[in-house]
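So the structure is just underneath, and the comments pick up after that.
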Amino acid sequence: MAARRVEERTQRMSDVRVEGPEVERAGEVLTPEALEFVADLQRRFGPQRDALLAARATRRAEIAAARWLDFRPETADVRDGDWRVPPPPPGLVDRRVEITGPTEPKMAVNALNCGADVWLADLEDANTPHWRNVVTGQLVLRDAVRRQLAFTTPEGREYRLREDGDLPTIVPRPRGWHLPERHLLVDGQPAVGALVDAGLYLFHDAAEQLARGSGPYLYLPKMEGHLEAALWRLVFDHAEQVLGLPAGSIRATMLIETIPAAFEMEEMLHALGSHATGLNAGRWDYLFSVIKVFREAGPEFVLPDRAAVTMTAPMMRAYTEQLVAVCHRRGAMAIGGMAAAIPSRKDAEANERAVAKVREDKTREAGDGFDGSWVAHPDLVPVCREAFDAVLGDRPNQLHRQRPEVSVTAAQLLDVAGVPGGRTTAGLRANVEVAIRYLAAWLGGNGAVGIHGLMEDAATAEISRSQVWQWVRNGVELETGETVTGELVRRVVAEEVAGIGDLPHLDVARRLFEQVALADDFPDFLTLPAYELVD
């Protein structure tokens, strides 16, 4: 029997292949045991993930036909029930300042040294999934958890973790359910990127985090409903059993960044069960989702310029008010979204404008009852902390603050027509330029890019290209009287590319943008065709 088990294990491992390029120190994380664990997750849960992606397409077709979306009647008992998620675990009780950023060594050290309460270690929108980035990200997490992370630049400058205070709680964000990992094949098929990211992290670092008084915590992106959250619960339950972790020790915060998820916040918390910790207002992907889901629903669902859609717009207020009310009713943490403005250490006037915008955003969130919020730059940590300190004082969070007065309707969440602002030539040009610049950087391996004083990632690029697609499809008239057509967009693309000048990967980025912004059929995610172009 023992010989048979060894033979079966050998056969199973022979069906797991790494086909990415060589990466330094890869053997530390791509061990046979770790790969076997990921393969097990893939075989057990990959088919369910595939079925859920197919269900997404069916759901979107139903919404498109109805040109409407509402709360699910079949889950009313969950919304009406008396239940709560478990209390926040160690390291996630006080989350007033969370810094986000890719798992790149230098930026990771800076994020861990900046004084934030949580580091969202981003393996998703701020990270290009080059195989070297995927592997290096896991090495960075492994070293960071053990307080061994260090980096030396080619010029000899050293970056090391501080030793004079506590470091932020580490919370990685794996890729969404939709993304494959074509460099890791299980039984000849690409593994699910989310299972690769989460699986390698849990295998190597979960027990270490628990031993250090923290825990294996994750951010979960891009979900469209409670069935997708329920799949994560099954993954976590299984991982805990296989890795010998205490039941319920894996905890997760879910991003509400799709319009279908906004109608299932309570159901998603309930479905994630003992692993649920909170929800986050993922504002940029949320706007992208609104455009994507209602892209052919007519003029009343066409948004104005991206820059005009602020968090004070009625539909965005409804979304965030709903999130805080739901979270606190269920004992979950409500985490605010990213303010895109980034500070400048070279231009005092630009810096003050950026800081003022962030301060206004975080002050509003703290006043609305959020328990914490995101920043993308170390210089903004004090700004966010000041805003939340003013409301929280010595309290670690606002879980005590219920919002019984909040009663959000479907019409309020879908009030796209109520968003003030125009559709302008400047807005069109900004969409084109930002998306192309970002895609060029993404193709080069950089998933978080400062452009014109704003932090751009895959989510903001998605808004830009999807808005162009929607404007073309609906024949939007600009303030000049000109109609947005494919011909006009191509002319603007040519002019903006000429203005950008010499930039690596620019030609490929231009072609990719035209592909995802002008295709007859709307590509669900620009990162899918983009992924085919990276190593």
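As the structure is a computational prediction, the values presented were derived from the model and not from experiment.
- By the neighbour-count criterion of 12 heavy atoms within 6.0 Å, atom CD of Q148 is densely surrounded, having more than that number from other residues, nucleotides or ligands.
- Salt-bridge check for D371 with R95: failed, with every basic side-chain N at 4.0 Å or more from each acidic carboxylate O.
- Taking 4.5 Å as the limit, some side-chain heavy atom of L141 sits within range of a side-chain heavy atom of I170.
- The distance from atom CZ of R251 to atom CE of M333, rounded to the nearest 0.5 Å, is 10.5 Å.
- R465 has its side chain out of reach of N431: every pair of non-hydrogen atoms, C-beta onward, lies at least 4.5 Å apart.
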| Could you walk me through whether E433 and Y438 pass the side chain to side chain donor-acceptor pair (under 3.5 Å) check? | CA-CA 8 Å; E433 183 202 6; Y438 177 79; over 6 Å; no
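- Among residues two or more places apart in sequence or in another chain, the ring pair (Phe, Tyr, Trp, His ring centres under 6.0 Å) test is passed with H204 by none.
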| said: Could you go through S344 and R353, starting from their C-alpha distance and side-chain angles, then the distance that decides it, and tell me whether this counts as side chain to side chain donor-acceptor pair (under 3.5 Å)? | reply: CA-CA 10 Å; S344 171; R353 286 197 303 269; over 6 Å; no
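- With sequence neighbours excluded, no residue forms a salt bridge (charged side-chain N to carboxylate O under 4.0 Å, His left out) with D237.
- Note: T258 OG1 to E264 CD = 8.5 Å, rounded to the nearest 0.5 Å.
- Residue L413 holds its CG atom at 5.5 Å from CD1 of I259, rounded to the nearest 0.5 Å.
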| message | Please determine whether side chain to side chain contact (heavy atoms under 4.5 Å, CB included) holds for the pair V406 and V324, giving the CA-CA distance in whole Å, both sets of side-chain angles, and the decisive distance to 0.1 Å. | response | CA-CA 9 Å; V406 173; V324 173; over 6 Å; no
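- Every pair passing ring-ring contact (aromatic ring centres under 6.0 Å, His included) that includes a residue from residues 211-234 is listed here, sequence neighbours excluded: W177-W232, Y219-W374, W232-F236.
- Judged by distance alone, the side chain of R147 and the main-chain N or O of A144 form a donor-acceptor pair under 3.5 Å.
- Partners of E208 under the salt bridge (charged side-chain N to carboxylate O under 4.0 Å, His left out) rule, at least two apart in sequence or in another chain, are R212.
- Legend: residues meeting side chain to side chain contact (heavy atoms under 4.5 Å, CB included) with N133, ordered by chain and number and at least two apart, are N127, T128, H130.
- Under a 3.5 Å cut-off, the side chain of T153 and the backbone N or O of R157 do form a donor-acceptor pair.
- Looking only at side-chain heavy atoms (C-beta outward), L279 and M254 come within less than 4.5 Å of each other.
- Within the structure, ring-ring contact (aromatic ring centres under 6.0 Å, His included) contacts touching residues 378-406 (residues at least two apart or in different chains) do not occur.
- More than 12 heavy atoms of other residues, nucleotides or ligands shown are found within 6.0 angstrom of CG on D347.
- M455 and A376 make their closest contact through CG-CB, 4.1 Å (heavy atoms, listed as atom of the first residue, atom of the second, distance).
- Within the 4.5 Å cutoff, side-chain heavy atoms of S464 are placed close to those of R306.
- Under the 3.5 Å distance criterion, the side-chain polar atoms of N113 are matched with a main-chain donor or acceptor of R160.
- Considering only residues two or more places apart in sequence or on other chains, H377 meets the side chain to side chain contact (heavy atoms under 4.5 Å, CB included) condition with P343, R345, D379, L380.
- Within a 6.0 Å sphere centred on CD of E405, heavy atoms belonging to other residues, nucleotides or ligands number more than 12.
- Taking the charged nitrogens against the carboxylate oxygens, K292 and D285 have no contact shorter than 4.0 Å, which rules out a salt bridge.
- The closest side-chain heavy-atom distance from I250 to E240 is below 4.5 Å.
- In this structure, the side chain to side chain contact (heavy atoms under 4.5 Å, CB included) partners of A281, at least two apart in sequence or on a different chain, are Y319, T320, L323, F370.
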| Stepwise, does the side chain to side chain donor-acceptor pair (under 3.5 Å) test hold for K362 with S373? | CA-CA 7 Å; K362 304 312 172 189; S373 191; 2.8 Å; yes
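- Every residue two or more places apart in sequence or in another chain that forms a side chain to side chain contact (heavy atoms under 4.5 Å, CB included) with P404 is listed here: Q402.
- Applying the salt bridge (charged side-chain N to carboxylate O under 4.0 Å, His left out) definition to pairs two or more places apart or across chains, those involving residues 107-120 are D117-R385.
- The two residues F45 and L231 come nearest to each other via the heavy atoms CD2-CD1, 3.9 Å.
- Taking the ring centre of F525 as origin, the terminal cationic atom of K222 falls outside the region bounded by 6.0 Å and 45° from the ring axis.
- Distance check, rounded to the nearest 0.5 Å: SG of C384 to CZ of R96 gives 10.0 Å.
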| For E360 and K357, what are the C-alpha separation, side-chain angles and deciding distance, and is it a salt bridge (charged side-chain N to carboxylate O under 4.0 Å, His left out)? | CA-CA 5 Å; E360 179 183 10; K357 288 180 181 178; over 6 Å; no
| request: List the steps and the verdict of side chain to side chain donor-acceptor pair (under 3.5 Å) for S466 and E462. | output: CA-CA 6 Å; S466 60; E462 289 281 27; 5.9 Å; no
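- Geometric assessment of R182 against the ring of Y531 yields a positive cation-pi assignment under the 6.0 Å and 45° thresholds.
- Remark: the backbone N or O of A307 is not paired with any side-chain donor or acceptor of D305 at under 3.5 angstrom.
- Pairs engaging residues 102-111 under the side chain to side chain donor-acceptor pair (under 3.5 Å) rule: none recorded [sequence neighbours left out].
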| query | Can R283 and D361 be said to form a side chain to side chain contact (heavy atoms under 4.5 Å, CB included), step by step? | reply | CA-CA 12 Å; R283 61 182 65 170; D361 184 67; 3.1 Å; yes
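- Contact of the M315 side chain with the V309 side chain is not registered, since no non-hydrogen atoms from C-beta on lie closer than 4.5 Å.
- Listed by first and then second residue, the salt bridge (charged side-chain N to carboxylate O under 4.0 Å, His left out) pairs involving residues 326-337 are E266-R329, E266-R330 (not counting sequence neighbours).
- Remark: T100 OG1 to E124 CD distance equals 11.0 Å, nearest 0.5 Å.
- Remark: side-chain polar atoms of T136 are paired, donor with acceptor, to backbone N or O of R132 under 3.5 angstrom.
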| message | Run R317 and D368 through salt bridge (charged side-chain N to carboxylate O under 4.0 Å, His left out) and show every step you take. | response | CA-CA 10 Å; R317 289 292 292 162; D368 285 347; 2.4 Å; yes
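- With hydrogens and angles disregarded, a donor-acceptor distance shorter than 3.5 Å links the side chain of Q467 to the backbone of P304.
- Salt-bridge annotation for R146 and D205: present, with a side-chain N of the basic residue lying under 4.0 Å from a carboxylate O of the acidic one.
- Between L220 and L255 the shortest side-chain heavy-atom distance does not fall below 4.5 Å.
- For the atom pair T363 OG1 and E386 CD, the distance stands at 7.5 Å (nearest 0.5 Å).
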